[in-house]
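Taking it in order: structure first as structure tokens, then the write-up.
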There are 2 protein chains.
Amino acid sequence: MTAPMDNDDFPPHLRHFEQICKAAGLKLTHQRLEIYRELLEARDHPSAETLHKRLDARLPTLSLDTVYRTLTTFERLGLAHRLETRESQARFEALSQRHHHFLCDRCGQVVDFTWPGFDMLALPPALTGIGTIHRTSAVIYGQCAACLAREQNPTTR
Amino acid sequence: MTAPMDNDDFPPHLRHFEQICKAAGLKLTHQRLEIYRELLEARDHPSAETLHKRLDARLPTLSLDTVYRTLTTFERLGLAHRLETRESQARFEALSQRHHHFLCDRCGQVVDFTWPGFDMLALPPALTGIGTIHRTSAVIYGQCAACLAREQNPTTR
DNA sequence: GTTGATGCAAACGATTTGCAACTGC
DNA sequence: GCAGTTGCAAATCGTTTGCATCAAC
């Protein structure tokens, strides 16, 4: 509809995307590709609406519902995670290296961090027989330095 | 409005509640007390709507908005946690002993489990200087045994 | 009596859905 | 050409809010 699809000069990470879609019997649409690309580049756990805004320049006719539908599809395919935040808006991230999340109780900011000690931890015995484990994740709640500073020094210093 | 408040024969955990409210300058209303009591007894991370239904017998005039408002207040006071689930409905739990959550990707069920190994783990160095830590929590995603069984043996056996 | 809390109804906002037109395969 | 996908608009549903009344202190 906008530009022709040049499947042959896909960079490696998009070839991987192509294969996943093909294996799942999903069509490789222009919209899906661009949404995935945008999510891959995003470092800030964007919401569906944020992604939609960012894609507006490249795909002016892209609808917000398609972004929602596509992100849900990605989640099902294991291409994206839906973050559990305390906001009403869900936020997404493409899968990259193993990391965890710090959530600021004040501003709602999500900060990624790595935690090798946690990643290496043996699963708790209490979970024996619970079923299959897909993913383990640590979430740390607190107040970020910026919010702390803002409260202690409302204006300056 | 319904029954008189007998502040003097409160069980210990409700006296604690009374003190927290008093310290925060909040009125000890009948509704707040009953919502807290119900949340304390609940073992299943009820949603605001579920709590409202359960309280209907005791407080027929209780409105759903009050449940929402009250749970938000409890969260602010540190009397309850809002769970981050993948459902649209938020779910709450009163604070009890330290535990973590297993979330089934299929049925959305939340299962509590203890994980002493995690609780004893040192915080990751990556978080140095991030701010103040309020709470750490582990979330494990997977498929519960019931959902596994249902998919392998759709009908019987 | 004063101040904050409640109940009601209406608003809000994120997300989902029905459907007809369209496009990748 | 067919099945799956999109865009549009409308619906859905959890949650929040304005406001007048009411209860706790």
Side-chain angles (χ1 to χ4, degrees), chain A residues 1-8 10 17-19 21-36 46-53 55-56 58-77 82-92 108, chain B residues 1-7 10 17-19 21-36 45-53 55-56 58-77 82-92 108:
Chain A
M1 178 214 259
T2 318
M5 316 222 63
D6 268 298
N7 292 0
D8 294 329
F10 274 8
F17 173 71
E18 193 189 352
Q19 287 168 9
C21 284
K22 199 157 284 180
L26 295 176
K27 292 179 179 168
L28 199 68
T29 66
H30 195 196
Q31 291 89 329
R32 275 195 186 132
L33 188 59
E34 290 301 327
I35 293 173
Y36 184 65
S47 65
E49 206 161 355
T50 302
L51 277 175
H52 182 243
K53 282 202 195 92
L55 286 161
D56 186 55
R58 267 182 286 163
L59 290 95
T61 65
L62 177 68
S63 73
L64 181 55
D65 350 293
T66 297
V67 179
Y68 273 113
R69 269 189 284 232
T70 303
L71 288 172
T72 304
T73 303
F74 287 173
E75 202 188 359
R76 180 165 49 83
L77 296 186
R82 183 186 299 258
L83 272 63
E84 282 76 45
T85 68
R86 29 194 51 196
E87 300 166 324
S88 54
Q89 254 185 326
R91 296 168 66 171
F92 297 83
Chain B
M1 177 214 261
T2 318
M5 315 224 64
D6 269 299
N7 291 1
F10 275 7
F17 174 72
E18 193 189 353
Q19 286 168 9
C21 284
K22 198 157 285 179
L26 295 176
K27 291 178 180 169
L28 199 68
T29 67
H30 196 197
Q31 290 90 329
R32 273 192 189 136
L33 188 59
E34 290 302 326
I35 293 173
Y36 184 64
H45 321 284
S47 66
E49 208 162 355
T50 302
L51 277 174
H52 183 243
K53 283 201 194 93
L55 285 161
D56 186 55
R58 267 183 285 162
L59 292 93
T61 65
L62 176 69
S63 72
L64 181 55
D65 350 295
T66 297
V67 179
Y68 273 112
R69 266 188 285 232
T70 304
L71 289 172
T72 305
T73 303
F74 287 174
E75 203 188 357
R76 180 165 49 83
L77 295 186
R82 182 186 300 257
L83 272 63
E84 281 78 43
T85 69
R86 29 193 52 200
E87 300 166 323
S88 53
Q89 256 184 323
R91 295 170 66 173
F92 297 83

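Proteins get letters first, then strands, A, B, ... in listed order; numbering begins at 1 in each. Because only heavy atoms are used, hydrogens play no part in the values below, and waters and symmetry mates are left out as well, while side chains stay in.
When distances are taken from the side chain of A/Leu26 to each of D/dC8, D/dT5, C/dG7, the shortest belongs to D/dT5. Of the listed nucleotides (D/dT6, D/dG7, C/dC8), C/dC8 has the atom at the smallest distance from the side chain of B/Ser63. In this structure, of C/dG7, D/dC25, D/dC8, it is C/dG7 that holds the atom nearest to the side chain of B/Gln31. Side chain of A/Thr61, nearest nucleotide from C/dA14, D/dT16, D/dG7: D/dG7. Of all nucleotides listed (D/dA3, D/dC25, C/dG7), C/dG7 comes nearest to the side chain of B/Arg69.
Per the geometry, CZ belonging to B/Phe92 stands 7 Å off P belonging to D/dT15, to the nearest Å. In this structure, B/Leu28 places its CG atom 11 Å from P of C/dA5, rounding to the nearest Å. Protein atom CG of B/Leu64 is 10 Å distant from nucleotide atom P of D/dT16, rounded to whole Å. The separation between A/Arg32 atom CZ and C/dC25 atom P is 10 Å, rounded to whole Å. For the pair A/His30 NE2 and C/dC25 P, the computed distance is 13 Å after rounding to whole Å. Look at CG on B/Leu83: it is 17 Å from P on D/dG14, rounded to the nearest Å. Between the CZ atom of B/Arg76 and the P atom of D/dT16 there is a distance of 13 Å, rounded to whole Å. The distance from atom CG of B/Leu59 to atom P of D/dA23 is 13 Å, rounded to the nearest whole Å.
DNA chain D is contacted by both B/Glu49 and B/Lys27; B/Glu49 maps to the nucleotide lying nearer its 5′ end (nearest heavy atom per residue).
Within the 4.5 Å cutoff, side-chain heavy atoms of A/Arg32 are placed close to those of A/Leu26.
OP1 or OP2 of D/dG7 lies within a sub-4.0 Å distance of a side-chain N or O belonging to A/Thr66. OP1 or OP2 of D/dT15 lies within a sub-4.0 Å distance of a side-chain N or O belonging to B/Tyr68.
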Run the side-chain contact (heavy atoms from CB on, under 4.5 Å) test on A/Thr29 and A/Thr70 for me, step by step, so that the C-alpha distance in whole Å, both residues' side-chain angles and the decisive distance to 0.1 Å come before the verdict. CA-CA 10 Å; A/Thr29 66; A/Thr70 303; over 6 Å; no
From CA spacing to verdict: side-chain contact (heavy atoms from CB on, under 4.5 Å), A/Glu34, A/Leu62: CA-CA 10 Å; A/Glu34 290 301 327; A/Leu62 177 68; over 6 Å; no
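Between the side chain of A/Asp65 and the base of C/dA14, no donor-acceptor pair under 3.5 Å is found.
B/Arg91 places a side-chain N or O within 3.5 Å of a backbone atom of B/His45 that can act as its donor or acceptor partner.
Taking the six-membered ring for Trp and the full ring otherwise, B/Tyr68 and B/Phe92 have centroids separated by 6.0 Å or more.
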